[in-house]
Amino acid sequence: MDASIIPACEFRWIMPEIMLTGWPLLLLIIGGLTKGPVASKISGVLCVIGSIFALYFTLNLWGTNLDVFNQLYSIDSYGTFFKALFLCILILVSIVSLRYADREGIGSGEYYALLMFGVLGMMVMTSSHHFITIFIGLEVMSLSIYVLCGLLRGNATSVEASLKYFLLGAFATAFLLYGMAMIYGSTGILDVVELKKYFLLKQPFSTTMFVIGLGFLIVGFGFKIASVPFHMWTPDVYQGAPTSITAYMATGVKAAAFGALIRVFFTAFIPFQFGWSEIIWVLAVLTMCVGNITALVQHDVKRMLAYSSIAHAGYILVAFITADRALASSMLYYLMAYSFMNIGAFTVVIALEKKGDNNSEIDSFAGLGVRHPFYALCMSIFLLSLAGVPPLAGFMGKFYVFSTAVKAQYYWLAVIGFLNSAVAAYYYLRVMMYMYFKETIGEPGSVDKAPQYGLVMVICIWALLHMGIFPKTFLTIAQKAVGIFS
Amino acid sequence: MIGIGIGFKWFIFVVAALVATGSSLMMVTRKNPIHSALWLIVTFFSVAILYVLLNATFIAVAQVMVYAGAIMMLVLFVIMLIHLEWGAQWTSSRSFAKLMGGIITIMLFLQILAGVFTYSSVGQHGIYSAQKLAELGNTRAVGGLLYGKYVFAFEVASILLLVGIVGAVLLARKRKD
């Protein structure tokens with residue numbers, strides 16, 4: 001029996017994960033001891049504090065590169081980058097929830113505990129190069145989110161969203177697991193880095209089972225990043241879920257899925273790039289076109305943002321296709337920019353929503369420029385960034401992503417991407433047109449002027465401007481993060 | 001399973017595989033949920049036989065005890081307690097959806113078949129051969145791996161279960177108002 005003993009000192013490398021395991025347990029206990037709005041407030045504040053601590057521990061790990069726990073888990077700059085991103089998302093979403101979850105009556109110790117467990121799953125998923133750990137991390141994340149989606153139990157769309165996401169998600173997970181099993185069956189290896197070495201040794205390697213496994217892997221990940229044709233759940237789930245959770249899903253889950261996808265494909269499957277890049281090419285074009293064109297006809301802002309998030313997944317896939325490991329930083333930069341602009345936009349949607357009403361018709365934005373100029377200004381900045389207008393981060397993100405495609409001589413792809421972002425500008429600007437050039441329609445709903453929302457919006461705007469005007473700093477960080485692939 | 005002729009083993013495999021496929025097909029096509037649940041038990045048992053053929057006796061026993069025993073008991077209880085046996089009348093007749101679903105299912109099935117029939121064991125082999133397992137003991141090997149090499153994944157899996165429990169309580173709890 002080869003006893004694989006784990007030295008106790010390895011636990012200091014996973015302080016963020018330990019933090020995100022212990023802290024939610026504490027929140028669960030507090031949730032059991034207190035009741036009602038008090039419980040919600042206490043656990044919300046504790047959640048923010050815990051996430052800040054975890055972020056501190058994560059930032060301390062920057063620059064460390066090592067494998068721990070028998071190669072099941074790795075601490076590297078790539079994982080640390082994503083961990084920090086998830087924790088930023090968690091902090092912002094919890095600050096929004098301090099107000100939103102109270103208003104909707106879903107705030108409790110369990111709500112924040114599940115938010116933190118979800119981030120734990122994302123972290124585990126992106127910082128491992130072992131299929132088993134990736135899979136379990138993905139499941140922890142997904143399970144937390146299935147529950148969070150259905151929290152508005154009085155609301156039929158929320159329950160529908162939860163059930164729909166659960167059923168389709170379980171199906172997609174089965175594909176992912178089947179893909180991993182087939183790759184394991186044809187190579188006998190579960191570790192992505194080992195796979196890479198094995199392929200280099202055994203070139204050219206190709207068995208039917210391996211090819212099918214690779215295809216299933218693409219389907220499984222394609223579902224989680226909401227790429228067409230695996231996107232059908234996205235609009236319904238994003239619309240039905242509590243809006244704070246929509247923001248969390250649209251940014252966190254997408255970033256986590258991309259994190260794991262990039263790590264797996266850029267480490268192990270680079271030798272097969274000529275094979276999968278063609279599949280992904282089609283997926284990327286479909287994702288951009290379907291996402292943008294369907295978003296054009298939406299009247300619900302939440303739904304429109306859902307389709308726009310599909311389109312953004314397409315833009316990121318454009319850079320993914322090139323399989324240029326040095327330029328993978330463009331995807332990381334894009335994900336970072338995308339997270340901040342989406343959380344910001346969803347926060348404005350939350351501020352305009354009425355209690356118990358899960359719909360956010362575009363009409364409710366009419367005349368916002370007069371009624372509440374600050375929110376209108378914030379929303380305009382987020383929309384302009386989503387549309388890709390300089391000097392905001394969205395522009396630099398698109399610029400890097402498309403220039404990656406051009407450098408790798410995928411000219412058509414870059415052209416299609418560029419045309420798509422021009423189409424996208426229409427529906428983003430339409431919301432702005434409603435805000436500034438339309439009279440208020442009907443009786444204006446009250447606008448929630450809670451300081452929490454303002455704080456999150458200001459943070460997001462600061463991040464977008466900083467990333468847009470000084471992109472070099474952030475790009476250098478992203479480049480260091482993807483350094484592990486070369 | 002050492003010592004049994006290869007022909008007999010093959011025969012058992014074919015029977016168990018056919019029963020597993022047939023009963024799972026029956027399970028998804030039954031209209032009465034109780035029938036579905038009973039067919040699922042048959043599936044679990046025949047899959048357990050497949051595990052035994054693969055020398056994975058521990059997994060086989062766990063499969064029978066946990067899935068065929070405990071979990072199916074719960075499923076049947078749930079169906080009876082909320083009176084699903086009469087409620088779920090599947091009256092949808094969207095033939096287009098059924099057609100598309102059928103085509104996609106057949107395509108996927110053919111893909112998997114293609115993978116299975118062209119399978120050749122080209123990959124690396126693990127350190128646990130049948131002989132080694134026989135002298136070490138199956139349970140010990142699984143336990144050693146679970147608490148040794150894979151302990152990190154094992155610990156994260158415990159969080160997964162905790163999330164499941166918390167989620168179930170959260171969704172099923174009575175509303176306060």
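Letters A, B, ... are given to chains in the order of the sequence lines, protein chains preceding strands, and every chain is numbered from 1.
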Visitor: Does the ring centre of F69(A) sit less than 6.0 Å away from the ring centre of F152(B)?
Guide: yes
Visitor: Against chain B, work out which of K202(A), M141(A), M182(A), H130(A) has the most heavy-atom pairs shorter than 4.5 Å and name it.
Guide: H130(A)
Visitor: Answer with yes or no whether the side chains of T43(B) and S24(B) bring together a donor and an acceptor at under 3.5 Å.
Guide: no
Visitor: Which bit of L148(A) comes within less than 4.5 Å of chain B, counting heavy atoms only: side chain, backbone, both or neither?
Guide: neither
Visitor: Counting only non-hydrogen atoms closer than 4.5 Å, does L201(A) touch chain B with its backbone (N, CA, C, O), its side chain (CB onward), both, or neither?
Guide: neither
Visitor: Heavy-atom distances under 4.5 Å only: say whether F216(A) touches chain B with side chain, backbone, both or neither.
Guide: side chain
Visitor: Using heavy-atom distances under 4.5 Å, tell me whether L114(A) contacts chain B through its side chain, its backbone, both, or neither.
Guide: side chain
Visitor: Would a distance-only check, ignoring hydrogens and angles, find a side-chain to backbone donor-acceptor pair under 3.5 Å from T133(A) to A153(B)?
Guide: no
Visitor: Answer yes or no: is there a donor N or O on one side and an acceptor on the other, between the side chain of S128(A) and the main chain of V124(A), under 3.5 Å?
Guide: no
Visitor: Taking Y178(A), F135(A), Y111(A) one by one, which has the highest count of heavy-atom pairs under 4.5 Å against chain B?
Guide: Y178(A)
Visitor: So what's closer than 4.5 Å to chain B heavy atoms on F11(A): side chain, backbone, both or neither?
Guide: neither
Visitor: Please look at L161(B) and chain A and tell me whether the side chain, the backbone, both or neither of the residue comes under 4.5 angstrom of a heavy atom of that chain.
Guide: neither
Visitor: Using atom types as modelled and distance alone, determine if a side-chain donor or acceptor of T34(A) lies under 3.5 Å from a backbone N or O of I30(A).
Guide: yes
Visitor: Taking the six-membered ring for Trp and the full ring for Phe, Tyr or His, determine whether the centres of Y184(A) and F210(A) are under 6.0 Å apart.
Guide: no
Visitor: S144(A) versus chain B, heavy atoms under 4.5 Å apart: side chain, backbone, both or neither?
Guide: both
Visitor: Show the numbers, then the answer: is there a ring pair (Phe, Tyr, Trp, His ring centres under 6.0 Å) between F230(A) and F223(A)?
Guide: CA-CA 5 Å; F230(A) 317 111; F223(A) 175 87; 8.1 Å; no
Visitor: Side chain, backbone, both or neither: which part of V156(B) has a heavy atom under 4.5 Å from chain A?
Guide: both
Visitor: Checking F117(A) against chain B: side chain, backbone, both or neither under 4.5 Å from a heavy atom?
Guide: side chain
Visitor: Please classify the contact between Y150(B) and chain A as side chain, backbone, both or neither, with a heavy-atom cut-off of under 4.5 Å.
Guide: both
Visitor: Measure the CD1-CE distance between I103(B) and M100(B) for me, rounded to the nearest 0.5 Å.
Guide: 6.0 Å
